[in-house]
Every structure is written in C-alpha cells, then in structure tokens.
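Heavy atoms only: backbone and side chains are in, while hydrogens, waters and symmetry mates are out. Each chain gets a letter, A, B and so on, in the order its sequence line appears, and its residues count up from 1.
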Amino acid sequence: MKYDFKNIEKKWQDRWDKENAFAASDDYSKKKYFALVEFPYPSGQGLHVGHPRSYTALDIIARKRRMEGYNVLYPMGWDAFGLPTENFAIKNHIHPSVVTEKNVARFKSQLKSLGLSFDWSREINTTDPDYYKWTQWIFIQLFKKGLAYKKEMSVNFCTSCKCVLANEEVVNGVCERCGSEVVHKVKSQWMLKITEYAQRLIDDLADVDFIERVKTQQINWIGRSVGAEVDFGTTAGDKITIFTTRPDTLFGATYMVIAPEHALIEQWKDKLTNYDDIIAYREEAAKKSDFERTELVQKDKTGVRLEGVRAVNPVNGKEIPIFVSDYVLATYGTGAIMAVPAHDTRDWDFAKRFDLPIIEVVAGGDVNKEAFTDTETGKMVNSDFLNGLEVSEAKTAVIKWLSDKGIGKQKVNFKLRDWVFSRQRYWGEPIPLVYCEKHGWVPVPESELPLRLPNVESYEPTDNGESPLSSVADWVNTTCPICGAPAKRETDTMPQWAGSSWYFLRYCDPHNKTALASKEALKYWMPVDWYNGGMEHTTLHLLYSRFWAKFLYDIDILDTKEPYAKRTSHGMILGSNGEKMSKSRGNVVNPDDIVNELGADTMRLYEMFIGDFEKSAPWSETSIKGCKRFLERVFGMTELVKDEGVSEKLDIPFNKTIKKVSADIEDMKFNTAIAALMALTNDIYDNGSLTKDEMQTFITLLCPFAPHLCEEINELLGGKDLLSLSKWPEFDESKTKDNEVEIGVQINGKLRSTVKIAVDCDKDTALKLAKGDEKIKAFIDGHDIIKEIFVPGRIINIVVK
RNA sequence: GCAGGUGUGGCGGAACGGUAGACGCGCCGGUCUUAGGAACCGGUAUCUUCGAUGUGCAGGUUCAAGUCCUGUCACCUGCACCA
C-alpha cells in the first residue's frame with residue numbers, strides 16, 4: 001500500500017474540522033491547559049517556514065495534554081495592525097483592511113494545511129473593532145490611573161518625505177524610501193509609565209518558569225542599578241543633579257558632562273559665551289540615534305566645553321569644567337554625569353582626548369595607563385574622610401554625608417524607559433481621547449467604544465508629521481464628553497504592541513460583548529501554562545504584556561500577577577546556506593511547496609527533528625527526505641502486525657521509548673524523541689513483527705508529531721474514534737532497563753576495554769570481571785593498583801602506577 | 001558600545017562529570033531490477049596497520065572534562081517607532 005499523504009491529510013483535516021475536535025470546552029470543572037504561541041503578523045509574503053516550528057512544537061504539547069485528559073486551549077489569531085501593511089496599502093492604493101483580510105485568509109489556509117490543532121472558533125484579529133474596543137478600553141483605564149501621559153519626545157523625521165519614520169525605516173541616518181537626511185524632531189507623544197512597574201517586573205520573575213536567558217535578558221533590559229543622586233553647584237547659581245553608581249569616587253570627579261538636550265543649556269543661554277558652538281553640536285548629535293551615539297563615541301569621543309559656567313564639586317568645593325557630549329544620554333538617569341576618569345573607561349577616554357586631570361581615588365590600578373574599574377579590591381585614597389575605606393564602605397559613608405548635607409541621596413535607577421505609545425500612522429487603534437480647551441484630555445466615554453478608524457480616502461502620512469487622521473476634519477472635530485464644547489480628537493494611533501499586549505486574555509472568552517473577557521473565564525484559563533515565542537520578543541512584547549497584565553491585576557480584572565507561567569523560545573530556521581532566509585538572499589523556502597511535495601506530516605516531523613529546538617538551524621532539502629522515508633517505514637509497519645505468535649522481545653524497547661518520548665516532549669527535546677521513535681522502528685523491522693497493541697502504542701506516541709498518518713493507521717487497525725483524543729500511553733518502569741549492560745573499563749582514565757555485566761552488579765564482581773579481561777590484564781600486570789572506581793551501569797576506572 | 005547566545009565528523013545534530021559521534025542526511029559497497037534519482041542489506045571521526053589523536057584555542061580542577069573554572073579567539077541575535 002502506498003503512503004498517499006495528500007488524501008490522508010485532507011481526509012483527517014476535514015474530519016477534525018467537522019467534529020470541531022480541538023475546540024476548548026467551557027466546562028470550568030475540568031482541569032485546564034492553556035498553550036500559547038505568538039500570533040503572527042499576517043504579512044504579504046505568507047507563512048514563513050519559521051512559523052510552524054513554534055506552532056508545531058506547542059501543537060505537540062497541546063495534543064499530548066489532550067491525550068492526558070486536560071481541557072486544552074490552543075488558540076490562534078492575527079496581530080494585524082502594522083507598518084508593512086500600511087506601506088503596501090499606500091503604494092498600491094488599496095485600503096489596509098482589504099490587504100489585511102487577504103493576508104489573513106492566506107495565512108489561515110496555510111496553517112490549516114499543517115494540521116495544527118488550533119481552536120479556530122476562538123480566532124481573533126487585533127484590527128477587528130470588536131477586539132480593539134477593548135485595547136482602547138485598557139488604554140483609558142491606564143489614562144485614568146495616571147499611567148498615560150504626554151511628553152516631548154524626539155522622533156525620526158525625514159526632511160524630504162516630511163513624515164515621521166520608524167527606527168526601522170532609517171538606514172544609516174537616511175530615509176529608507178527616498179535617501180534624504182533624517183533628523184530628530186521633537187514631538188509631543190503619549191507615553192505609558194512602564195517604569196512604575198520596573199521593580200515588580202524584576203521581582204515577579206522569581207515566581208515564573210521562564211528559560212534562564214529570557215529572565216536575565218529582561219533583568220538586564222530593566223537595568224536596575226543602585227547609586228546616588230548628587231547635586232553639584234555651579235558658578236551660575238543653578239544646581240546640576242547627576243546620577244552615579246559610584247558615589248564613592250566623588251573626590252575623583254574632575255569635570256562634568258551633560259547631554260546635548262539638557263534643559264540647563266537653554267537656561268544658561270546668556271551666560272554661555274560659546275552658546276552657538278553648543279547648539280551646533282546639539283544639532284549634529286540630533287542626527288544620530290542613541291545606539292549610534294554610544295557606538296561612535298567608542299571610536300571618536302566628541303564634545304564641547306561650556307564657556308562661562310563652571311560646576312562646583314560638593315565634596316571639596318573645587319571648580320570643575322562642564323562639557324556637553326553625546327555619550328551622555330538625556331533619557332537615562334538625569335541626563336548629566338560627574339566624570340571620574342580614573343575609574344570609568346568612557347570618562348578616561350574623554351579626559352585623555354580633552355587633556356583633563358585624572359585623579360586616582362581607589363588604589364589598586366595604574367590610572368595613567370587605563371581606568372581602574374574594579375570595585376572589589378581597592379581602598380580609597382585622595383578622598384579626605386573616605387581614605388582607607390573599602391569601596392562598599394565608602395559608598396555608604398558618602399551617601400550618609402550627602403544626605404546629612406541635603407545635597408544627595410541614595411537612588412535606585414532603571415535603564416528601562418517609559419513606553420512611547422503614539423504613532424503618527426493610520427493603521428493602528430485610534431487613541432480614544434479628546435482634547436477640550438477647558439478640561440484638557442478627556443477619555444471617550446466607554447459606551448462609545450470602539451472608537452472606529454474613520455474610513456478615509458487617503459491614509460498616507462501628512463506632510464507636517466501629523467497622523468493621517470488629522471486631515472479627516474469631521475472625525476477630528478467633536479465635542480467634549482464633559483461639557484459638550486467643541487473639542488478635537490487625538491489623531492495619533494497606538495503602536496502594534498498594544499493589541500499584542502493582552503490578546504491571550506481575549507482567547508479565554510473571545511465573543512464577550514460586555515467585557516474584555518468574563519471574570520470566570522479569566523479565572524479558569526489564566527495564567528497561560530506554556531508560552532512559546534522568539535527570543536526577539538524577550539525585551540519588548542514580553543515586557544509590555546507582563547506590564548499590562550500587572551496593571552489589569554491591580555484594577556481587579558485579572559487574578560494572576562503574571563500572565564505566563566512558563567516561557568520557552570525557539571531558534572530561527574535559516575536558509576540552506578546557513579544565512580537568515582530573505583528574498584534578497586534568494587534562500588526562502590515556501591511551506592506550501594513542502595506540504596504539496598512531501599506532506600504536512602513530513603514538514604512537521606522535519607521541523608521538530610531539524611535540531612535543538614532552542615538553536616537556529618539551516619534548512620536542508622535532503623534531510624527532510626529522511627523524515628518522509630521514516631513515515632513511509634511507519635506506514636509499512638502495518639504489514640508486520642501479527643495477531644499471535646509474536647515474541648516479547650520488543651517489550652523493553654517499547655517501555656523505554658514511551659518513557660523517553662514522554663519526557664523529551666516535556667523538555668522540548670523533540671529531535672531526540674523522534675530519534676527514539678526511529679530507533680524503535682529499526683528494532684521493529686529487525687524483529688520482523690509486532691503485536692497490534694504495540695502498533696497502537698507506536699502510533700499514539702507519534703500522533704502529536706504526525707497526526708494525519710497516525711489517524712489513518714489507527715483507522716486501518718479498526719479504530720473508529722479519533723486517535724488524537726485517545727489516551728497517552730503509560731510505561732512499566734521495571735521494563736525500561738536491560739538486564740545486562742556493557743560498560744567501559746578505563747586504565748588511568750583511558751578506555752581500554754569493555755565488559756558486559758548485570759545491571760545490579762556489585763563493585764567486587766564488576767572489578768573481578770574487568771581484571772579478567774585480556775586487554776586489561778596486559779595493562780595491570782607488573783603495576784600497582786592505586787585506586788579502583790566503579791560507577792554502576794557507567795564505568796570502571798582502575799588507576800595504576 | 002551594551003545585553004544575550006553559539007562553537008563537536010563531509011552536513012544537521014546525540015552525549016545525568018563516566019565507552020564522544022545516538023538518530024538522520026550524505027557518501028562508499030552490495031542485493032533486486034531493462035533502468036534507478038525507488039526499496040532493502042552492510043560500511044562510514046582522523047592518522048601510516050599495532051596503536052595514537054580527536055569536541056574553536058591556551059591553561060587549570062578531577063581517578064575521569066565536550067560538560068566545571070580562568071583566560072582568549074571567531075561567529076550569531078537584540079538594542080526601545082520592525083514584528
């Protein structure tokens with residue numbers, strides 16, 4: 001019989017669909033399991049072979065959980081707002097909603113062809129007004145709690161297109177589209193106070209099961225550092241407040257640096273004799289991103305000395321110069337630093353370049369050669385009342401001294417910045433606020449949500465950098481919800497991150513008209529039990545959605561502080577040349593082709609077999625054929641099924657395999673789980689026959705990986721019910737070990753021979769057997785045995801002299 | 001620059017500190033065939049056989065190191081308006 005995957009796959013997909021086999025039940029008395037994958041952005045290119053890696057992995061988890069008796073929620077949806085759709089729409093003069101609809105249809109049919117067990121009755125789409133109604137509702141709650149505020153922020157602005165650009169659209173400082181110069185322009189933007197949650201976002205990581213590198217990356221991104229805020233006096237009379245993690249080195253501060261955007265520059269306009277130079281420098285700096293700044297600084301430190309104002313070091317009253325330099329970022333700390341060249345590498349480089357004094361205050365290095373940054377070993381010197389103290393003692397002492405004088409205090413600082421929430425774009429959720437001359441910013445009444453995107457003729461960016469919505473007069477002009485006076489709507493839209501920050505909650509109760517989801521549904525389904533996604537989402541999406549979940553917890557919508565109990569990550573699938581797949585490299589593999597030529601089961605199996613799930617792996621057109629061959633062998637195995645007269649030789653291999661596959665799936669070691677099934681297949685073919693029960697066990701184990709084929713074989717064996725909803729096999733622990741093992745015998749740590757011994761063999765017997773071995777004898781004879789090591793079931797090592 | 005990660009045969013990758021290379025691909029040989037780019041069987045780390053050498057490189061800890069420690073090199077990913 002031929003393995004006709006095309007018909008088999010179609011047949012079972014239709015049946016699963018018809019029977020709604022994978023729909024999650026609303027019976028909240030059952031034990032639940034919520035498996036989640038990041039919902040895709042439905043791009044015009046269609047599904048990428050990378051998508052199914054994550055989807056298949058959690059599909060396997062979801063399928064296994066169903067077989068273990070859980071009520072499983074494994075949903076899918078569309079994160080459909082976004083820049084590429086908008087740009088495509090502008091270029092081709094098609095409305096973004098039309099583009100989105102088309103892309104979603106394609107994605108959906110592609111996903112369906114893979115036999116993924118999603119509950120399609122819970123499909124969601126972030127661009128659906130019934131969905132974004134609740135995105136807007138959450139924003140209003142944030143606004144009401146004071147967590148949304150307006151702030152002047154610099155944005156990328158193309159001087160030729162006259163529009164605001166995303167960082168991504170800026171390539172080497174010029175506009176990606178027209179190649180013109182991009183400058184930073186200050187604009188008033190909506191911000192969300194994620195920083196208010198910084199500490200909790202760190203602390204609560206202790207309670208969740210995230211892979212370690214995700215945790216560390218989040219912690220580093222939030223970037224908590226304990227230091228001090230210190231006020232420096234100036235000859236102009238104003239103070240400069242700085243943040244430092246090294247208050248202990250205060251006596252070594254020989255100059256100060258403020259960010260080019262620092263407010264004091266304007267304040268000192270009349271006192272600064274070189275004001276023009278400073279402004280020119282600021283304009284140069286404005287062309288660079290923060291990233292470029294810190295990078296370029298490394299190669300070539302730049303800066304301008306402020307002429308006319310000097311600072312005063314509060315610990316010793318000495319006057320020191322002030323510089324502006326772009327290695328100090330306005331967005332971190334206070335936008336001003338004290339520079340201690342002896343003990344900070346960047347300050348040291350800058351001091352060398354501008355020929356500034358370097359004063360050692362921690363002994364232990366040679367500050368003429370390089371900055372000494374060790375905080376563990378040194379003792380304080382040249383520091384008056386701190387002399388002789390350890391660095392850590394000096395920190396405490398100086399903070400006490402500063403706070404006694406009222407010019408400084410301990411301060412916890414975070415690298416994390418507030419979330420810029422405004423976009424000057426059409427294709428996003430309208431921000432549901434109205435500006436009234438009398439009442440300021442007023443939220444749209446909740447009864448009027450969703451605030452729909454107006455259907456406009458032109459959704460192209462305006463030439464003044466405002467959102468396209470600003471040109472829709474009858475939408476912009478409205479009345480104040482409080483006083484009824486004429487008022488204007490906010491025309492900025494939300495970033496794509498908004499819809500994806502809470503989508504998993506909507507899956508719990510996707511058709512609810514009166515709440516984002518019912519309290520009962522959220523209580524039952526949340527938290528997500530297992531969330532898999534890409535490492536590239538670790539610092540943004542994962543942090544943003546944790547922030548929103550915490551906020552919703554605070555306002556009593558959610559019962560759990562953390563949205564995700566467990567987070568894992570998959571590696572990228574690269575092109576066959578080992579490079580990232582991209583059109584320009586010409587190494588893109590289309591999943592449709594694979595499904596057509598080799599079948600969905602082969603595709604699924606290969607993506608799981610390709611390598612370590614967490615690491616990236618190159619696609620191979622030849623390797624995938626090995627997976628097809630394996631499935632054909634499995635199909636062929638049905639001819640080896642015998643009703644009677646079958647030996648029990650396969651007992652141990654089967655029990656071993658059930659144990660290994662069960663454990664490997666939990667550890668996401670899909671590649672070794674499949675390898676074990678392949679090895680078992682080899683055993684079965686060597687054996688020449690197997691029982692019907694064994695065949696049944698085999699297909700049950702393989703079912704999560706290759707569900708269509710296994711359903712088909714199940715039916716051939718006489719099964720009427722869906723194999724996908726049958727019971728996961730159990731194993732007999734006592735039958736998972738062979739009675740006899742072959743273990744290595746080493747002499748001085750080098751393998752010299754092997755011996756076969758019983759599994760429960762004791763040390764004396766084992767060593768006796770080993771010493772009886774001809775090869776071993778030759779190594780022992782004439783030598784003294786110093787030590788004998790025996791690790792049961794593993795190794796014998798005899799140390800001789 | 002900052003942060004995170006990776007490095008093992010010809011290739012993808014396996015290895016609770018305990019026989020390095022499971023499983024698969026590829027390759028070599030064979031069987032069957034008019035034919036094979038099908039299927040099946042056997043072999044396959046390197047070196048000149050005995051034996052020795054092998055997990056990016058250099059040290060260290062240990063009876064024993066791919067695995068632990070120190071240093072070093074190379075490559076990959078993210079960096080806040082891409083998703």
Where along nucleotides 6-22 of chain B does protein come under 4.0 Å, by heavy atom, of base (B) or sugar-phosphate alone (S), with - for untouched nucleotides?
SS----BSSSB-BB--B
Determine, for nucleotides 43-48 of chain B in 5'-to-3' order, which nucleotides have protein heavy atoms under 4.0 Å from the base (write B), from only the sugar-phosphate (write S), or from neither (write -).
------
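Taking the P atoms as reference points, B:A20 lies 48 Å from B:U34, given to the whole Å. Remark: the separation of the C1' atoms in B:A45 and B:A14 is 14 Å, to the nearest Å. Look at the C1' atom in both B:G18 and B:U67: the space between them is 11 Å, to the nearest Å. The same atom, P, is picked in B:G1 and in B:C69; the two are 24 Å apart, to the nearest Å. Comparing the P positions of B:U44 and B:A38 gives an interatomic distance of 22 Å, to the nearest angstrom. To the nearest whole angstrom, the two C1' atoms, one in B:U53 and one in B:G66, are 16 Å apart. Taking atom C1' on both nucleotides, B:G13 is separated from B:G7 by 13 Å, rounded to a whole Å. When the P atom is compared between B:G10 and B:G5, the two are found 29 Å apart, to the nearest whole Å.
With a 3.5 Å ceiling on both atom-pair distances, the Watson-Crick or G-U wobble partner of B:A3 is B:U77. When both pairing distances are held under 3.5 Å, B:A39 makes a Watson-Crick or G-U pair with B:U31. Across all strands shown, B:G17 has no partner, as no Watson-Crick or G-U wobble contact with both distances under 3.5 Å is found. Shown here, B:U67 forms no base pair; nothing in the strands shown gives a Watson-Crick or G-U wobble contact with both key distances under 3.5 Å. A 3.5 Å limit on both hydrogen-bonding distances identifies no Watson-Crick or G-U partner for B:C50. If you check B:G26 for Watson-Crick or wobble pairing at under 3.5 angstrom, you find it paired to B:U44.
In this structure, A:N220 places its CG atom 8 Å from C1' of B:G4, rounding to the nearest Å. B:G5 atom P lies 10 Å from atom CD1 of A:I211, rounded to whole Å. Rounded to whole Å, atom P of B:C23 lies 15 Å from atom CZ of A:R629. Distance A:L329 CG to B:A80 C1': 12 Å, rounded to the nearest Å. If you take CG of A:D79 and C1' of B:C82, they are 11 Å apart, rounded to a whole angstrom. One interatomic measurement links the two molecules: CG of A:N87 to P of B:C81, which rounds to 17 Å at whole-angstrom precision. As a whole-Å value, the separation of A:K750 NZ from B:A64 P is 11 Å. As a whole-Å value, the separation of A:L598 CG from B:G24 C1' is 15 Å.
A cation-pi geometry, defined here as NZ or CZ lying under 6.0 Å from the six-membered ring centre and within 45° of its normal, does not hold between A:R604 and A:F705. Taking the ring centre of A:F613 as origin, the terminal cationic atom of A:K669 falls outside the region bounded by 6.0 Å and 45° from the ring axis. Note that A:R567 lies in the cation-pi zone of A:Y531, set by a 6.0 Å cut-off to the ring centre and a 45° limit from the axis.
In this structure, A:Y606 has its ring center under 6.0 Å from that of A:W619. Within the 6.0 Å centre-distance limit, the rings of A:F39 and A:Y503 are counted as a close aromatic pair.
How far OH of A:Y149 is from CE of A:M191: 4.0 Å, rounded to the nearest 0.5 Å.
Evaluated for a ring-ring contact (aromatic ring centres under 6.0 Å, His included) with A:F139, the options A:F421, A:W502, A:W497 yield exactly one hit, A:F421. The only option from A:D79, A:T85, A:N103, A:T126 that meets the side chain to side chain donor-acceptor pair (under 3.5 Å) definition with A:Y41 turns out to be A:T85. The ring-ring contact (aromatic ring centres under 6.0 Å, His included) test with A:Y197 singles out one residue from A:Y544, A:F547, A:W548, and that residue is A:F547.
Applying the 4.0 Å criterion to OP1 and OP2 of B:A80, one finds that A:R423 has every side-chain N and O outside that range. Side-chain nitrogen and oxygen atoms of A:R417 include none within less than 4.0 Å of the OP1 or OP2 phosphate oxygen of B:A80.
With its glycosidic angle more than 90° from 0, B:G54 is assigned anti.
Judged by atom type and distance alone, A:Q189 reaches the base of B:C81 through a side-chain donor-acceptor pair under 3.5 Å.
Mapped onto RNA chain B by nearest heavy atom, A:Y685 and A:Y544 fall at different nucleotides, with A:Y685 at the one closer to the 5' end. Nearest-nucleotide positions on RNA chain B for A:F81 and A:E212 put A:E212 closer to the 5' end.
At a threshold of 4.0 angstrom between heavy atoms, the contacts of A:E614 with the nucleic acid are absent. At a threshold of 4.0 angstrom between heavy atoms, the contacts of A:K415 include nucleobase atoms, whether or not backbone atoms are also involved. Contacts of A:V420 with the nucleic acid, taken as non-hydrogen atoms under 4.0 Å apart, include base atoms. When heavy atoms are screened at a 4.0 angstrom cut-off, A:R425 is found touching no nucleic acid atom at all. Residue-level contact check: A:R213 touches the backbone only, with heavy atoms under 4.0 Å from sugar-phosphate atoms and none from bases. Within 4.0 Å of A:L416, counting heavy atoms only, lies at least one base atom of the nucleic acid. Base engagement by A:H537 is indicated by at least one non-hydrogen atom pair under 4.0 Å involving a base atom.
Between A:E212 and A:Q217, the side chains place no donor N or O within less than 3.5 Å of an acceptor N or O (distance only, hydrogens not considered).
Atom CD of A:E666 is surrounded by more than 12 heavy atoms from other residues, nucleotides or ligands within 6.0 Å.
Looking at the side chain of A:E632, the nearest of the listed nucleotides B:A52, B:A39, B:C25 is B:A39. Side chain of A:K787, nearest nucleotide from B:C79, B:C63, B:C82: B:C63.
With salt bridges taken as basic N to acidic carboxylate O contacts below 4.0 Å, one links A:K659 and A:E733. The pair A:K2-A:E632 does not meet the salt-bridge criterion, since no charged nitrogen lies less than 4.0 angstrom from a carboxylate oxygen.
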